[in-house]
Amino acid sequence: MKPFTYVLPHTLAEAHTAAKKAGAVLKGAGIDLVDRLKERIEAPPEVVNLLPLKNDLAGIADDGGGLRIGALTTLRQIAEAAALQGPAFGAVRIAAGLTATPLVRNRATLGGNLLQLARCWYLRSAAFGCLHGGKGPTCLAMTGENRYHSILGWHDCVRVHPSNLAPALLACGAEYTTFFDGKQERRPLAALFPDEPTAQKAEHTLRDGEILVAIHLPKPSGDVRSTYQETREKDSFDWATTAAAVQVTLQDGTITDASIVLGAVSPVPRPRAEAAKSLIGKKPGDAAFLKAAEMAVAGASPLSQNAYKLSLCKAIVRAALTEVTR
Amino acid sequence: MTKPPPDQPQEAFSRRSFLKGASVATIAGTAATAAATAATATQGKPETFGPGTHEIQLKVNGQNKLVKVETRTTLLDALRDQMDLTGAKKICDRGACGGCTVHLDGQPINSCLTLAMDAIGGEITTVESLTEGGKVHPLVQNFVHCDAMQCGFCTPGMVMSSLACLQQRGKPTREQIQHDLSGNICRCGTYGRIFEAVERTAQGAQGGGK
Amino acid sequence: MTTPRQEIELAVGFGKHIEKRKVDVPDGDAPPWDANSKFTVVGTDADRVDGLAKASGRAKYTYDINFPGMLYGVIVRATIAKGKLDVLEVDEARKMPGIAAVVLLKEVGNKVRFVGDPLCAIAGTNLDVIRDAMEKVRAQYTTEEHNVDFLQNPEAPVLDGDGNLIDAWPEHEIGGVIAGAEASHEGTYRTEVQTHSSLETHGAVARWQGDDLEIWMSTQATFGVRGELARALDEKGHKPASVSLHAEFVGGGFGSKFSAGVEGLAVCLLAREAKAPVKLMLDRFEEHTCTGNRPSSLMQIRAAAKKDGTLVAWDTRSFGGVGFAPGGGGVTFPQHYIAEVQKRGAHKDLVCDTDPPRPMRAPTWPQGYFGGELFLDELAGKIGIDPLEFRLKNDGQVIRQEQWRMGAGKFGWLQARNPKPGSPRDGDDPRYLRGAGLASARWGGMGNHGGRTPHGCTCRIHADGKVETRSGAQDIGTGLKTAMAMLTAEELGLAAGAISVFVGHTADPSGPAAGGSTTTPSLAPVIRHAAWLARQELAKIVAQHLGCKPEEVTFAGGKVGAEAAAKPMLSWADACKLIGPNPIETRGTRFPNYKGEAFNNGVCGCQFAEVRIDTWTGQVKVLRMLAIQDCGIVIAKKLAESQVLGAMIQGISYALHEQRLMDKRSGRMLNGDFLRYKITGPADMPPMECIMMSVANGHTNTSSVGLGEPPSVAAPAAIANAVYNAIGVPVRHLPITPDKVLQALAARRA
């Protein structure tokens with residue numbers, strides 16, 4: 001790590017002002033940031049630590065309209081939260097519980113998980129200069145080693161979005177609140193991720209100094225269930241090769257609402273609206289799930305080394321739908 | 001494909017209230033006083049530290065210790081290089097192996113990914129605490145009895161993850177032990193014997209004796 | 001000079017297979033143990049003697065050595081894979097705050113051979129300031145075209161789209177034998193580069209006091225690296241007056257730590273220049289990319305058998321994917337099936353611009369056994385014979401014949417075997433396929449006496465009752481210290497815990513490097529001999545006190561005395577009080593291995609695995625494993641089992657997860673960390689069992705054979721065979737990752 005000034009704000013406003021300064025970065029637990037600093041792919045002059053604001057920024061509470069999860073809530077707290085025990089939010093709970101390792105989950109925060117830098121091995125090494133890192137003319141993975149990279153919706157950079165929680169929260173209809181210039185603003189979660197995830201775009205759409213404050217989950221009505229599944233190469237700590245978060249509403253044995261969101265296959269978490277729509281009005285069953293899984297990867301364009309992820313992606317959608325309607 | 005983690009006890013959750021946030025802020029303030037030369041603490045403005053070296057106070061194994069750090073110093077380096085507490089190992093230095101596991105406020109964490117500054121005000125517990133004052137914690141005894149080690153380099157981290165597993169679950173199942181230790185890597189391949197050591201400890205055994 | 005010898009008849013063998021053999025025992029050796037020996041300590045489940053030091057976090061490994069005023073060191077390494085160093089400027093780095101020394105490790109004009117080739121080393125007050133300074137080092141190169149994929153080497157064979165070698169076999173009469181045989185088969189097998197991934201990285205702490213040099217090093221060859229360093233420093237003009245080396249605790253080595261390496265030399269030079277102790281430990285990326293590996297391999301096998309399963313011909317050609325120089329890339333096929341058959345084998349190493357291989361746990365064997373054993377299962381399938389029957393038919397090792405039967409019964413081989421490969425077992429969710437596989441292990445590891453520098457061991461008995469056993473060799477986790485305590489305790493009638501063990505310091509008698517499974521069999525006889533001599537010394541003193549003959553004095557259960565004597569037995573403490581101020585000190589002799597035919601020249605072993613495959617996701621889950629393993633007369637049973645179980649876990653890792661992934665353009669490793677280099681973890685662990693078989697072989701006074709390597713030979717092959725049984729098609733390329741399983745399943749459907 002290069003030297004930096006460590007800033008401890010007393011209020012969100014102080015944090016915002018400090019983080020707006022050129023080169024300043026915000027940190028929660030620092031799980032992602034410390035790794036980037038150790039790799040020396042970044043050298044911010046100032047690191048603004050949000051942990052002193054835990055009072056305001058951590059915790060899960062019912063705010064009347066639904067659940068509010070503070071951005072500094074740890075992944076472990078989410079995985080174990082009583083408020084998330086119901087079937088509607090299974091996806092969120094499970095996605096949090098599968099992330100990284102128990103040791104990481106004890107510190108890693110919701111905000112950090114959603115906003116972390118992509119885990120591409122070219123991007124994360126100071127030895128390489130790539131387009132997304134702002135240090136090179138091309139995406140090195142596109143024509144290099146790309147077995148773990150995008151198969152869907154990529155442009156000039158084939159990174160995958162690394163967050164487990166993003167697809168889960170999207171599938172559950174989450175919104176997010178940020179703090180910027182003295183105001184709190186609330187938007188649908190999809191707005192946190194760029195529409196066109198080109199190399200120039202960051203993993204998220206937050207402005208400099210904008211602070212993610214909380215995620216909101218709507219109150220479920222009716223028989224709403226969700227789950228999250230991922231494929232990986234081993235059960236102990238591994239990155240997902242593909243992930244699927246699904247939420248369905250069942251009424252009298254028929255699917256009346258559905259959402260399917262893919263993770264680890266595209267530079268952003270990918271809602272698959274058409275695939276989800278194909279389930280509406282159907283009774284749960286393997287034929288419907290297989291069709292939805294097929295539709296979920298429609299338009300995919302795998303790279304030289306990752307066509308296998310297509311099969312995995314279909315399998316995981318099918319598996320998640322099977323699980324959630326069981 | 002993976003299964004969701006085994007059920008977590010609710011009790012573990014309730015123990016971690018959100019009061020901690022407040023204490024971090026307050027005690028970070030205290031540390032600023034302790035390090036008045038390095039910190040600028042003006043009313044209405046954030047406190048800032050560094051760059052450069054300054055002194056902070058860390059509470060390690062129940063004792064307050066003053067250590068010289070930079071803002072970029074990790075908790076692991078502070079423990080190993082400043083306090084000679086070398087039980088926590090630097091193995092991957094990226095949070096992937098668990099060799100550096102210590103407890104922060106009762107929870108096992110990667111000290112290599114934790115800035116020393118972020119541990120101010122927290123209760124840090126290292127593996128050395130399990131053999132203080134001539135007493136050997138039963139978990140350590142059972143690691144020896146079950147031969148839950150070979151080269152031994154991952155072992156202190158394994159002990160600390162195992163300790164947390166026992167503290168939080170009481171009598172964990174095999175599957176829960178595997179889950180709770182899954183942030184720790186052993187290259188010699190001692191996992192099975194570690195699981196046995198944890199199970200024996202849960203059953204009240206103390207090494208070879210009862 | 002020849003030592004006078006006596007012919008002694010020993011009972012050798014195991015279980016029901018005990019036979020009498022005459023061996024030629026040198027005069028002065030301790031009476032050799034054999035199959036009829038009764039033990040009170042040896043073969044028991046005594047605890048690891050340094051277990052508490054390790055589990056408490058209080059053991060001081062090299063990485064943990066701290067001194068007041070100690071500096072840290074880092075090596076600056078080349079960022080290109082091939083070329084020439086044109087410019088190396090370090091002056092600016094030297095002027096950075098906190099920097100105390102810079103030493104050059106490569107001269108301008110020299111070749112750069114791989115990403116990571118060392119350029120210079122920097123010492124400073126902490127790693128962060130050194131990394132700040134490293135950015136000021138300016139290196140410029142003339143680059144040359146590089147290649148980091150052994151199959152892109154111009155001499156590499158041509159493969160078809162399925163990975164099969166398609167070049168014609170060289171003309172040879174074996175071709176005719178195979179063509180005319182009742183059954184034959186051919187296949188191409190491949191493995192990837194595996195890194196040792198020792199958890200304690202390579203490195204050392206160096207401290208000069210005048211011209212005397214003291215070093216703490218994470219090494220598996222205390223004496224070897226001491227000599228290597230002394231020579232290297234002499235060449236650099238810093239000849240040390242003395243070199244003393246410590247390796248009391250070593251965080252793994254697996255074959256990668258036989259050399260002091262450039263890091264060893266660099267830290268000594270930095271400490272010299274900085275006039276302060278320096279610690280230089282490699283980081284994880286360097287450990288993956290600069291300290292050797294198990295090289296990749298490509299193997300083509302064709303063989304023939306009779307309809308009854310008897311092998312008649314075995315023909316192979318293999319290629320090893322090595323680093324910038326040839327060497328170390330070989331593969332070893334299971335010879336015990338083909339001792340009597342017509343055979344041919346050819347091998348070639350294919351160089352690439354990477355870090356060269358180093359020996360890694362049973363170097364060349366796990367690769368060849370994976371290819372060989374999977375090939376045999378494919379051939380067995382063609383013939384229509386059960387793989388176990390096939391092994392029993394062709395395995396020439398008497399110990400393993402017994403092990404196959406024992407293992408098959410214990411494992412429930414026939415029940416575990418999927419009768420319809422590729423189909424779900426009755427009652428299973430059709431998404432999952434199960435299967436079982438087996439494979440053999442073999443290794444030498446009989447130990448040696450040390451050649452020109454015979455191995456030694458010191459035993460001391462003090463008047464206060466303390467017993468020391470001392471060797472300068474190292475315990476890298478294999479359990480040497482515990483074996484030393486147990487062997488000494490056995491001779492003296494004490495408990496293992498009563499013995500103080502000292503290893504890993506070059507002030508003590510020399511021993512072998514921890515390699516080739518030779519440490520225990522090389523040292524056990526001399527450890528025992530030292531204790532046996534000490535016992536005789538004490539017997540003399542006690543006999544005088546008791547008024548009996550020394551040979552009448554017995555040592556058992558912490559008591560010393562003689563039944564025939566008038567005076568009662570003495571407690572150990574009281575007996576030792578007779579010793580006086582100078583302790584009894586004996587130096588054991590490691591006699592050469594006995595002449596005459598040992599019962600079995602090496603060790604056998606076999607392993608069984610059951611796997612479950614998720615046909616949707618391609619993930620392989622090992623459900624359970626069993627090992628049957630011998631290693632001579634087992635000394636420390638619990639630790640021996642640990643080593644076997646550990647080898648099985650490493651085998652899972654090699655079979656399913658581990659591979660070095662290289663960026664071809666830059667020549668740089670992409671997964672040089674533990675975030676992306678995948679090692680089996682706790683959640684992947686199946687239940688495992690290990691059964692140790694004790695075999696008296698009559699080749700030394702302890703009948704010990706090394707155990708480190710053999711169990712690591714079988715595991716990957718057993719798993720690959722289980723996968724084949726589950727899905728009905730072989731996955732011939734390790735690691736068996738989900739993409740390959742899915743591809744195999746798709747191929748079967750097509």
Side-chain angles (χ1 to χ4, degrees), chain A residues 1-10 14-15 17-18 29-31 34-35 37-38 45-49 51-59 70 72 74 76-77 79-82 90 93-94 97-98 100-107 227-232 235-238 315-316 319, chain B residues 1-5 8-10 12-14 16 18-22 24-26 28-29 32 39 41 44-52 70-74 93-98 100-101 104 107-110 112-115 117-118 157 161 164-165 178-185:
Chain A
M1 286 183 262
K2 293 189 188 179
F4 56 82
T5 301
Y6 177 87
V7 183
L8 283 173
H10 300 96
E14 279 182 20
T17 309
I31 300 288
V34 169
D35 183 73
L37 298 184
K38 283 187 177 178
E46 295 199 6
V47 172
V48 183
N49 185 18
L51 291 181
L53 309 180
K54 253 190 175 172
N55 252 3
D56 300 326
L57 296 186
L72 290 183
T74 67
R76 169 138 181 216
Q77 287 165 343
E80 296 177 6
R93 217 173 55 234
I94 293 166
L98 283 175
T101 73
L103 301 167
V104 167
R105 294 194 291 272
N106 279 337
R107 292 194 68 241
T227 196
Y228 170 92
Q229 290 203 8
E230 63 183 38
T231 54
R232 49 212 269 186
D235 287 347
S236 307
F237 171 54
D238 201 359
I316 210 66
Chain B
M1 221 211 34
T2 51
K3 286 186 299 181
Q8 310 272 353
Q10 289 308 299
F13 176 67
S14 62
R16 283 180 311 286
F18 299 111
L19 291 170
K20 195 191 140 207
V24 167
T26 324
K45 277 196 174 170
E47 295 157 44
T48 62
F49 294 83
E70 289 186 63
T71 54
R72 58 180 168 173
T73 305
T74 61
D93 206 24
R94 293 295 186 281
C97 74
C100 64
T101 304
L104 182 60
Q107 291 192 54
I109 59 146
N110 300 111
C112 75
L113 288 185
T114 304
L115 297 176
M117 297 295 292
D118 286 355
S161 283
C165 172
Q178 292 188 249
H179 170 266
D180 287 2
L181 295 184
S182 62
N184 294 69
I185 289 176

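All chains are named by letter (A, B, ...) in the order of the sequence lines, taking the proteins before the strands, and each is independently numbered beginning at 1.
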Pick from Thr74(B), Leu181(B), Ile109(B) with the largest number of heavy-atom pairs that fall under 4.5 Å of chain A | Ile109(B)
Rounded to the nearest 0.5 Å, what separation is found between the CG atom of Leu113(B) and the CZ atom of Arg107(A)?
-> 7.5 Å
Do Asn106(A) and Leu104(B) touch side chain to side chain, with heavy atoms closer than 4.5 Å?
-> no
Under 4.5 Å, counting heavy-atom pairs only, tell me which of Pro102(A), Ala100(A), Ala315(A), Gly30(A) racks up the most with chain B.
-> Pro102(A)
Here the pair of heavy atoms bringing Arg72(B) nearest to Met1(A) is NH1-O, 2.6 Å
Val104(A) side chain near Asn110(B) side chain, heavy-atom distance below 4.5 Å | yes
Do you know which of Thr101(A), Val47(A), Leu57(A) has the most heavy-atom pairs under 4.5 Å to chain B?
-> Thr101(A)
Gap separating the NE2 atom of His179(B) from the CG atom of Asp235(A), nearest 0.5 angstrom = 11.0 Å
Distance from Leu103(A) atom CG to Asn184(B) atom CG, nearest 0.5 Å?
-> 5.5 Å
Side-chain touch Asp118(B)/Leu51(A), heavy atoms, less than 4.5 angstrom = yes
Short question: side chain of Ser236(A), backbone of Ser182(B) - any donor-acceptor pair under 3.5 Å?
-> no
Pairs of heavy atoms under 4.5 Å with chain B: top-ranked of Tyr6(A), Phe237(A), Tyr228(A) = Tyr6(A)
Side-chain contact test, heavy atoms from C-beta onward, threshold under 4.5 Å: evaluate it for Pro46(B) versus Leu8(A) and give yes or no.
-> no
Value for CD (Gln107(B)) from CZ (Arg105(A)), rounded to nearest 0.5 Å, stands at 11.5 Å
Any side-chain heavy atom of Lys38(A) sitting closer than 4.5 Å to one from Cys112(B)?
-> yes
When rounded to the nearest 0.5 Å, the distance separating CG of Leu115(B) from CG of Leu37(A) is 8.0 Å
Tell me, for Ser161(B) versus chain A, whether the close heavy atoms (under 4.5 Å) come from the side chain, the backbone, both or neither.
-> side chain
Proximity breakdown for Ala164(B) and chain A, heavy-atom pairs closer than 4.5 Å = neither
